[in-house]
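Here's the structure we're looking at; comments come further down.
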Amino acid sequence: MQKLGASPIHADILLCILCALPTFEALFATVRASKAFHATYVQHGKRVLNSVAFNYVGPALPLALQVVRYDMHPSPEEFNTGPSDNDYNTDLQIEIKDVYLLVNNAKVVAEWENLFSFRKKDMRHETSQLTSLESWQFRKAMHRLMLYTRLFPTDEYAYCITSNSDCVDLTTKLEKELLTRQEFLSDCFTNELDQLREVATFALEIIRWVDAVDSSDMIASNKDFTDIALSIGPAVILECYKTLGFEPLTETINKLCTDTTPDYFEDKSSRPLLAGYLFKSVSAVLENRVANDHRYVSLKIIDIDTLREEFCSQCGAESYIGGLWGKTTWDYLSLSSQTLGTYLFPSLSMFMKGELHRNPVEIKHVEALLVKTPFKEIYEDIYSKNLKLPAWHDRNDDYWICQACLTQFVKDHLHLWVIMKRKEAKERIANDCWYGYNCRTQVHKLNHAQQLNHLCEPTR
Ligand SMILES: [Zn+2]
Ligand SMILES: [Zn+2]
């Protein structure tokens, strides 16, 4: 038998296999595993790398490569006139040194896509449910946003432009900078600009959400904050989302301007390069275009026809996309953010049945219990420990309820769950008050509230 890879046909097949591999990890493992594959890779390295990069990144690869090129040559001058310009074709050829950055950026973009799909298309899944066209449009727009934030970064120059420069100089500098931004954007088609705006708006939503969860009031205390955050780029914003706070952002800013501005966010002076950071330039380009182009077509990333109508599983009410609560969103209930709804979990005790929410003794105990228990756990207990009332659906994986029903669900079950927890912990439980949760005396007589149990059905 002929040795593998020795005949031309074998070699072709080996090359096809390498080119079809979905990730660089798979490629490098394959090349290390066999001499024949290794020999093929040595001979056709560039072709293989390009194919695998395309398999991994998808059709947004040309833009992804531009971002990587920028990361390799971070100064804009070098980026625009650097060695890549000598031979434009090699610019779009991936090299082994690009792989690490390419993979890292692609991971960030893929995570953003999951989040976008989860919030804007289908909250049932935490991984992207975008169609291939939607996904391509999203990834292109996200890579473009990455490139924009790299080309026009929030650097020391952006902070210092107002100070120490005379007015004429400042105006010229500003105009020049704005023109450069518009030039970059004017290469895009109109729908690409719309989509860029769409992903940037989504990034802003996430920034606002982090601000609400973090309760740091960064947005309220600094009018440029959202622009600053956007200009730091998608990777850092994603980190803020994942860590539920702005630490990654402030760390990045501090690295950019170590000695000059230690309390950068408290500095209220105007930052003309940051105000309207992306949106102002996109609008300027679009305004020029609309005036002399009647073929203006706006195309959203998500095709509205692919959106399913959402109805509450309990009451049947129609809901907006992402407006229902279920297994993928329980975790958000434990956070004090309003973006996913107006439900503040630690204050869930105010939804306790009857007059319980006004019983000062109970409220204190229940809140202490709620703070350390994620809603997911309470929900699980209600079903697994047979606390569920018959009016509610049996456990079912495709169960999604509206906010009104969620509130009612909590009202119906929270006191049952609390008393169950107390029994489990072998706490001493006082005798039941005849009037149960409807007792009014529990509200204004501390002694009564302390001496009797009200987490029970009324018997009178
Ligand atoms: Zn409902
Ligand atoms: Zn009572």
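Both counts, for ligands and for their atoms, begin at 1 and track the order of listing.
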- Query: In terms of ring plane angle, is the pair Trp112 and Phe202 parallel, tilted or perpendicular, where the classes change at 30° and 60°?
  - Reply: perpendicular

- Task: Look at the aromatic rings of Phe184 and Phe152 and report parallel, tilted or perpendicular, splitting at 30° and 60°.
- Result: perpendicular

- Atom name in His448, limited to N/O/S, at shortest distance from the Zn ion (ligand 2): NE2

- Message: Does Gln442 form a side-chain hydrogen bond (donor to acceptor under 3.5 Å, both in side chains) with Asn359? I'd like the steps, not just the answer.
- Response: CA-CA 6 Å; Gln442 65 178 322; Asn359 176 328; 2.8 Å; yes

- Query: Can the ring centroids of Phe246 and Phe225 be said to lie less than 6.0 angstrom from one another?
  - Reply: yes

- Query: Given NE2 of His454 on one side and SG of Cys433 on the other, what angle do they make at the Zn ion (ligand 2), to 10°?
  - Reply: 110°

- Task: If you have a sec, read the angle at the Zn ion (ligand 1) from Cys312 atom SG over to Cys402 atom SG, to 10 degrees.
- Result: 110°

